Each structure stands twice: as C-alpha cells, then as structure tokens.
Amino acid sequence: MKKELAKIYEPALFEDNIYRLWEDSGFFNPDNLDLPAGAPSYTIVLPPPNITAKLHLGHSAMLAIEDLMIRYHRQNSYRALWLPGTDHAAIATQNMVEKKIFSETGKTRHDLGRKVFLEEVDKFVAETQATILHQIRKMGASLDWSRLAFTLDSPRQQAVQRMFLDMYNEGVIYRGERIVNWCPRCHSTLADDEVEYKEQSAFLYTFKYDPNFPIAISTTRPETKLGDTAVAVNPKDERYQQYIGQEYEVNFCGQDLRIKIIADYNVEMDFGTGALGVTPAHSAVDWQMAEAQSLPKIKVINEDGLIREGFGEFSGLSVIAAREKVVASLRNQGLMIKEEEIVNNLSCCYRCDNPIEPLPSRQWFIAVDKPLARLQGKSLKEAAIAAVREGEIKFLPERFNKRYLDWMENLHDWCISRQIWFGHSIPAWYRGEEIYVGEEAPAAEGWIKDNDTLDTWFSSGMWTFSTLGWPDNFKDGIKTGDLTRFHPTQVLETGYEILTLWVSRMVMMSFFALGEKPFSQVYLHGTILDKNGKKMSKSKGNGVDPLEVIAKYGADAVRLSLLMGATPGNDSRYSEEKIESKRNFINKLWNISRFILNNLDDEILSTPIDVLPEAKSLSDNWILGELLSTRKTLATSLSDFNFSFAAETLYDFTWNKLADWYLETTKIEKGKETILVFILKNLLIMWHPFIPYVTEAIWQSFNNTLLMVEPWPKLANKLDYWINNPGKEADFSFVQEAIIAIRNARSENKVEPARKLQALVTGPKSELLLSQAPLIKGLRTGIESLLATDGPPDGQAIKVVLRDVDIYLLGAVDPEKEKARLRKEKENLLNLISGLRAHLENQEFIDRAPAHIVQAEKDKLARYEIELEKIRASLGV
RNA sequence: GGGCUCGUAGCUCAGUUGGCUAGAGCGUUACGUUGACAUCGUAAAGGUCACCCGUUCGAGUCGGGUCGGGCCCACCA
C-alpha cells in the first residue's frame, strides 16, 4: 500500500526509525545477506577513531565516503563488510585523563597510583566510546556492529601479546638502546611529534678541546662536550682531509677524552668551523654516527638533567650551571675562539614547556631490516616497499606512493615501548640482567614485570586482521573463518596525515602475521577546514559538532555536502550554506517522488524494475537515455573513487533533466506511468548510497522490501541502445532552444508560461501549442518533419531546423554576420582536421597509444569532416 | 634545507590521459510563477584559467622558470 508523503521532508521524523529498521534487518552483517556462495567480498575496516574526544566533521566525511562504497557494493551483491571499532590512543588518552583529574582534584597520576588511575581511564573510555558510537549511528553508517572492536579489548590484547611473542621469537623484536626525547621534569619520554620547537637566542661557542687539538669546533652546548668521542667533518671538506681517521688524546676542562676524526655527509661545511663535536649519548644524529663508526658512547647527563658522577667539579650541576662553568674554563685557558649570538630551535616538552634532554635509554624495537624466512628472505621494510612498488597496493591520489616509499626507504628500527601506563602491556620480565619474554612470569622468584606499554600504532597496525579473528583464525599458516573471507580487505579509507604513522605500519604488520597485504587500495581523504580555510580545532573554537548540523539539516544533507566537491587528497572547506543547498536538494528529491507517486496507482507501482518501459515520444526517449547514461557514468565514477563527480552527475540528472524538463512534460502528456515508476525506482536505488535515509523513507512508502539491499537492475544490453541513440541530446536542446526562440520572438507581447511551452512542444500535443502560437510557423514545420521521421531522430537535423526557426523568428540575424561566423567555424574545423590527420599519420602515436584512443581520434576526425561538409553546404561552396 | 601540493567567476570548487564558444553550487540582478517543491522556473551580469617562456596544428591541461598560499619531512650542531 502506498503511503501519502508529507509536503516537506523532515529528516528528524524518519532517521532514527529507519536506522533501527536497517539494524534490525541484520543486513549490516554480511553473514545475513542472501548471496550465492561464491559472491565476492568487499571489506573496509573503519579507521578506529581515538576515544579521546567526540567525533568532528572530518570523521563524518570519512563515514560518508566509506558508507557510500559499502552500500553501493552491498546493493550490487558483494559480501559487504564494514567493520567498526575505536582506538585507545594510549598517550593522547592518558594525557587527557591526567589533565581532567588534575583540574578536578589537583592530583597527579602518581598520587593515584597505577591501578586507580587506570580505572579512571577506563571510566573515561566507556563514556567517550558511547558518545562516538552514537554519533556514528546518527550518520547512517551501515557498520556491522556484531563485530565491534576496540584496540584494547580482550581479543585485541590477546592478539597483541601473541604478535609480540611471535616477533620476539623470530628476532624481529629486540631490546636495545637509543636516544629518546626525555623530559627531565615530567620524567618520561616523548614521541617525536610531542616535541615542540621554540625559537630562542643562544650563544654559539667556537673553541678547541685543548691546545694540542688541531681543529676548532662550534656548539651551543659546551657542557655535553664532556662526552665527546669524535669530531666529524664533511668528507668533501678540503680543510680537514689530512686529519680524517686520526685519533687524539685531549684534556677537556680536566676530563681526559679520546677523540677520533671521522667523515660524515651530515656535517655542513659552512656552519661554524665545519667541524662537529660528536656526543653520541646526547644527540640523536651523533648517536647514529657513533653506531655507524662504532664509537664509544659516554653518558654525561642523567635522568634529572644533572651532570653524572665521574665528571669532577661538574658532577651534580644542572646543565645550565655546567655550561657556564665550562665556558668560563675555556675562556681562562684561552681556548675560546669566538662567542656569537645566534637564533636556534630549542626542543621543548609539549606538556611542561621545559627543554627536553636527548638521552640514551633501553627500549624495545622492531627490526625493519632483518631478513625473514617467512617473507622469503625479505625484511619487513622490503616487503612493505615491494607491495607498493609492484602495484599490489595502490594509493589514491597516486602522488602518495612517493611519500610512502620515501618514508619507508629511510625507515629506521621502530621503537615500540612507551613509558606510560595506559596501553598494551609488554610481556617481558626482568631479573637483574636476565630477560624473559612470555605472557606469564617464569615460575622462579624475583622476576619483575616490564612497566612500559606499547606504542599505540603497534595495536592499530594489526587492525585489519586483529578484528577478523587473528590469531585464532590462523592455524599453521592457513586462514580460516572471517580471515579467509574478508582479508586482505579491499579499501582502506583514511586521512593522508596518518599515511606514515598508521598505513605503513599496517602493511608491515600484516606481512609479518599473514604474509599478505592488509588492503589493495588506499583512498586518502583531505582535511575538512573551516569556512576560512583554517584547520578546525578545539582551542580555536571553530569546530563543528556533526550532531548539531544533523539535527538542523538531516544526516543526508550533511553526507551529501561532504561528498560533493571533495576530491581525494585535497582539503575541502565546510560551510553551512553548502549543507543548506543539499538539504534543499533532498527536499526536491522528496517532492519529485511525491509528485510521481501522486500520479500513480498501486498496480503500476508493482511493475518489475528490470523491464525497460517503451518510449512513446521524443522526450521519453531522451529521458530514458539520460537515465541510463547517468547510471553508466555513476558506475564508472564510483569504481574510480570519483565520488564527487558521481554525485554531481546524478544531481544534474535529477534536477536539471528529470525535474525541470521531463516532469513538466508529463503534466501535459499523460500515459507516462510506466516510465515514471521505472525512473523513480532507479533514481532511488542510485541515490541510496549517497543519501540513504531519504531514499529509504520514500521507498518504504510504497514497498515492503528494504532499499538498502535492493540490487541495481540488470539493464546492460538495453543501456547501449539508449546511449548510442543520437536523439537523446538533440531532443533536449531542441526543446530548450525552441523556448528561447519563442520568448525572444514574443518579448513585446504577453508571454505564455514557459513551462507549458516546454511540455507542449515535445509531444503529440504540440498541435495545441502551435495553434496558440501562430508566430512560429518555422518551428511548426520543423517539428512536423521531425515527428514524421521514423526511428530515432537525427540530432543534426534538429539543429538545422532550429537554426532556421531562429532566423525566421528573430528576423534579426544579419546574414553577413552569420556567414562570417560560419567562415570562422570552417577555418577552425580545417585546423582541427589537419591537426588530427597529422596526429593519426604519426606512427609513434599509432604504436604507443591504446587502441581506443586511436579510435576516438578517428571518430572525432570523421565527425569534424561531416560538420565541415555541412558548413560548406550552407556557405554555398 | 628537501619533497609534495594548490593558484580557474564576488565566494567554494569541478574541469576524466591537450580538442570546437572553460562549467557547477552559493551570492548578485531582472522577469515570471506560487496546487510536487521551507519555493520553483527562465535568463542576465561576472573569467587576460597567478605570471613568463617553451613543446604542439592546437595548452586551463604537458615541460621549464618566477611570484604567492598550504602541507609533510629533516633540522642548524
């Protein structure tokens, strides 16, 4: 039974009910879809949002794009799985909760203790997670909630522990030292992106270690020079060639040092003296040089930012105090050559603003260069590079291939341990110098658990397979269950800013665990900026709450506004006007449907959808051709990830072709019911992945089935007929141009309502129109001759008629001007033709270009030649 | 410093491997409608496609350079 549609579409009245209807149907879960056994899978894992805060518009855009892909494939008989989840975001979450507790109670995490603090974090996580899941549902996202995951829930914890053990046993995970960013005040390490650089003025001191040392060095931190073991120069620097490889015993401010002169390309020749004192223990770059050259590493500074024991008068001093003392000593000895004030970047803690101290520290690492038997001798890095280079994994836009490969090729071992409390624990135990790795502590006494946790990207790197039942679904190298059916996934859709942080890690982790890629295609979306092109952020207060705009305009309008005008990898701007215009469109679609449904009865509505109705007039022919070519464009643009273009094509068809023209003709011409119902059903099916709510709401008013699982009708063979039908374009322009002609002709008199003319002029009722418009005799003859033609009308013929009509009606066209225009056009065509001929005679082009391009060029040439003939004829040549 | 990217109408952006008179939405103006449509329709105005040079029969599109935004990475010891 058909239900009456209201005059205005009010999203709030429908959305929640429809979401419930979808969810209750069970079809979000691909296991419940009625599909043949061999149906291909289509899997997307949702990039798990951080549970630090509620979602913003960027997330909404992500959801809109992914839901579009999933719904489209679900309709088209794929085993479509979209897997939801959230990320524990270790550091970010811990900071958030620490701040919250501190502002509420004035207590730090140390005051609470590890256990109580983690309970607080869990409370926070539960709250935000509920908010986030609610927001996701409001967007209409068709996620399979039965598979909901969290990077720190129990199945994921088991997976992470197992991964750590496997990697450790394979020698991929090892414990080693490296320079970390240490905040002496917070007593914790900082990730590279938590370090903030601040410009400050500092003194650059140039001096010699002692009078017998041949080279002067420059530094802003003389106190660290107590730990120097080398001086590095650029290998191309002629000044120092003779010293390279030599070793010197020096006494620097009372400390005996052994300094080797080494060559390294990282040294800039024109900075300072072009010679760099290498302090392996207190500079990341120097550490690398020391590793490369096997230099000893002397620790000078301790975890409190004080000079360590064993440095005589300097021991126990702060770095600043030690610096003053060293400088004074150098001045006294006459070793100081130059002191100049410069501006440099100071590394600071993002939390407390204090300068950070690079310190060596024992950490857990993943060896990215270790050859692995399970990867046929390739290292993780090599496997991850090969997958992209050989095209197994593709990026969109393609330019991110380069960024990925550049980053991968320069990748060093990945430090995975973090000195924070919230996160996956490290399954390692220590007793003195002994290390044991395993989930349970060894039976013997005295073993102490590793206190650190894992980098959050360790667990999110496993996201594509930890969510599909790994490791239980992976026995003896063979995938079972969900892993067989859904891995590798088809598409990873995410923001380009986490390409290196996340995407690259997923590739390595998947190759290690399963020996296969995690996904085939990576679609990278841009960032949603505010109206002025600025990033949205809490501190600026320019963020937009998706729930608010959904409440105001409906989820469909928000989705469509985020999909249209957004291209992969490019940022797009948010504006409320844009949402408003999409809201208006959705209402238009509602009213188109309402208009059609009001003119139909129940029987016709049950017409099978895969029966192409018969076209009885030019306008029928035209609109069906447009519908089917729109559908074709839509399918190709969707498979090319050209979402914006897909939506625009459909939008243009719906509004400019269907509503503005065809529906108007049906107000005059009756008997279009079967065509209208065919168009309406197809229209709703095609729009559904973009704007699921309104389309489902309309569909439900006259169907018992769910639009969500309504397949696109099979019309392939018919499609070609309509697309190749040359009448389809002509009819439209013919009508339009006729209207213009009529209006121009009658500008002095009263004008017939344009839309009536539009309708009348196309069909059998044109007689009526013509009798009312005696002025347009030329048009009449034209129409009559066209109507008399059998078969599809010739577009060119229509154009010729129209030109005649134009000239006749206006009487104002200067024949000379027209001739001049034609001459110019002729000139143009001649140029085109000779160019195309030359092109086609070029053997290189014929050999190298794909066949369809060559054919297209040939077709073009043929068209131009025909056109040229016509112009020649009208010029009387 | 290295790399990437963008510059098209007042604003936000399309422009599908170079092709006929460069498009859309919003905004502006005029006229017409208000029995599918918080309207809607028809039209108008508005662009040296940042600039220069080159390749080509032909450049918004390809190459080189200049200017101006944005992003990423590295980082001055």
Side-chain angles (χ1 to χ4, degrees), chain A residues 5 7-10 192 197 202 204 217-221 224-225 232 266-268 270-273 275-279 283-286 342-345 347 397 399-400 402-403 406-407 410 496-497 499-500 526-527 529 531 533-535 561 564-567 569-575 577-578 580-585 587-599 633 636-637 640 642 644-645 648 651-652 656 659-660 663-664 667 736 739-740 743-744 747 751 753-755 758 821 824-825 828-839 849-850 853 857 860 863-864 867:
Chain A
L5 298 187
K7 199 168 174 177
I8 292 164
Y9 173 60
E10 288 184 52
D192 287 343
Y197 292 99
L204 182 69
I217 57 162
S218 303
T219 183
T220 52
R221 299 199 57 190
T224 65
K225 302 290 108 183
N266 284 318
V267 180
E268 303 255 348
D270 27 348
F271 187 89
T273 60
L276 160 71
V278 180
T279 319
S283 151
V285 177
D286 295 7
I342 60 160
V343 175
N344 76 346
N345 275 334
S347 314
R399 67 183 133 95
F400 285 102
K402 192 175 155 48
R403 196 185 281 185
D406 281 353
W407 189 83
N410 294 319
Y496 61 79
E497 69 278 2
L499 175 73
T500 51
T527 310
L529 306 173
K531 210 179 164 175
K534 299 279 175 235
K535 269 195 178 157
S561 73
M564 291 179 79
T567 48
N570 292 333
D571 297 345
S572 60
R573 294 192 191 193
Y574 164 84
S575 75
E577 291 81 42
K578 205 155 138 189
E580 199 178 337
S581 77
K582 301 305 176 263
R583 189 269 321 266
N584 289 348
F585 169 75
N587 195 54
K588 181 82 181 177
L589 180 65
W590 175 264
N591 273 289
I592 287 168
S593 310
R594 181 165 169 243
F595 174 75
I596 293 177
L597 290 170
N598 284 345
N599 289 299
T633 310
T636 49
S637 359
D640 293 344
N642 210 341
S644 182
F645 184 69
E648 281 163 35
Y651 187 96
D652 177 59
N656 299 332
D660 289 356
L663 289 189
E664 294 301 332
K667 289 181 181 169
Q736 199 167 27
I739 302 306
I740 298 164
R743 298 203 60 183
N744 287 342
S747 55
V751 180
R755 70 158 70 138
Q758 291 160 23
R821 194 185 66 83
K824 203 179 161 193
E825 212 172 310
N828 219 337
L829 277 171
L830 282 171
N831 233 337
L832 279 169
I833 287 168
S834 75
L836 270 173
R837 283 213 181 112
H839 204 193
I853 301 280
E857 296 279 278
K860 243 188 256 175
R863 271 207 323 271
Y864 293 159
E867 226 171 288

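Just so it is clear, the values below take in all heavy atoms, side chains as well, and ignore hydrogens, waters and symmetry mates. Treat the numbers as computed from the prediction; the structure is a model and nothing was measured.
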Out of [options], whichever nucleotide has its closest atom nearest the side chain of [X]:
| X | options | result |
| --- | --- | --- |
| Arg583(A) | rA38(B), rA77(B), rA36(B) | rA38(B) |
| Thr220(A) | rU16(B), rC71(B), rA77(B) | rA77(B) |
| Leu276(A) | rA14(B), rA77(B), rC37(B) | rA77(B) |
| Asn591(A) | rC40(B), rA36(B), rC72(B) | rA36(B) |
| Lys578(A) | rU12(B), rC4(B), rA77(B) | rU12(B) |
| Phe645(A) | rA77(B), rA36(B), rU16(B) | rU16(B) |
| Ile8(A) | rA38(B), rA36(B), rU16(B) | rA38(B) |
| Asn587(A) | rA77(B), rC4(B), rA38(B) | rA38(B) |

> What is the nucleic acid contact for Tyr9(A), judged by heavy atoms within less than 4.0 Å: base, sugar-phosphate only, or nothing?
Replying inline: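 Tyr9(A): base contact, heavy atoms under 4.0 Å.
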> Under 3.5 Å, is there an N or O donor on one side and an acceptor on the other linking the side chain of Lys588(A) and the base of rC37(B)?
Replying inline: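 Indeed, a donor on one side and an acceptor on the other fall under 3.5 Å apart.
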> Would you say the side chain of Asn598(A) and the base of rA36(B) hold a donor-acceptor pair, judged only by whether the two atoms sit under 3.5 Å apart?
Replying inline: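 No such pair is found, so the answer is no.
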> Do the side chain of Asn642(A) and the main chain of Ser637(A) share a donor and acceptor less than 3.5 angstrom apart?
Replying inline: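 Pair absent, no side-chain N/O of Asn642(A) close to backbone of Ser637(A).
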> With distance as the sole test, does Asp652(A) use its side chain to make a donor-acceptor pair with the main-chain N or O of Glu648(A) at under 3.5 Å?
Replying inline: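 Between the backbone of Glu648(A) and the side chain of Asp652(A) there is no qualifying donor-acceptor contact (under 3.5 Å).
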Quick one: which protein N/O atoms are closer than 3.5 Å to N/O atoms of nucleotides 24-26 of chain B? Pair and distance per line, please.
none

>> Please compare Arg221(A) and Phe400(A) by the position of their nearest nucleotide in RNA chain B and report the one closer to 5'.
In response: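 Counting from the 5' end, the first nearest nucleotide belongs to Phe400(A).
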>> Quick check on RNA chain B: between Trp407(A) and Gly277(A), whose nearest nucleotide comes earlier from the 5' end?
In response: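 Upstream on the strand: Trp407(A).
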> Could you state the interatomic distance from CG (Leu5(A)) to CD1 (Ile596(A)), rounded to the nearest 0.5 Å?
Replying inline: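 CD1 of Ile596(A) is found 11.0 Å from CG of Leu5(A).
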>> Is Lys7(A) close enough to rC37(B) that one of its side-chain N or O atoms is under 4.0 Å from OP1 or OP2 there?
In response: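 Lys7(A) to rC37(B) OP1/OP2: side-chain N or O found under 4.0 Å.
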> Given the rule that a pair is Watson-Crick or G-U wobble with both distances under 3.5 Å, how would you write RNA chain B in dot-bracket, using | for pairs to a different strand?
Replying inline: (((((((..((((.....[...)))).(((((.......))))).....(((((..]....))))))))))))....
> What orientation do Tyr9(A) and Trp590(A) show, parallel under 30°, tilted 30 to 60°, or perpendicular over 60°?
Replying inline: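 Answer is tilted, since the angle falls between 30° and 60°.
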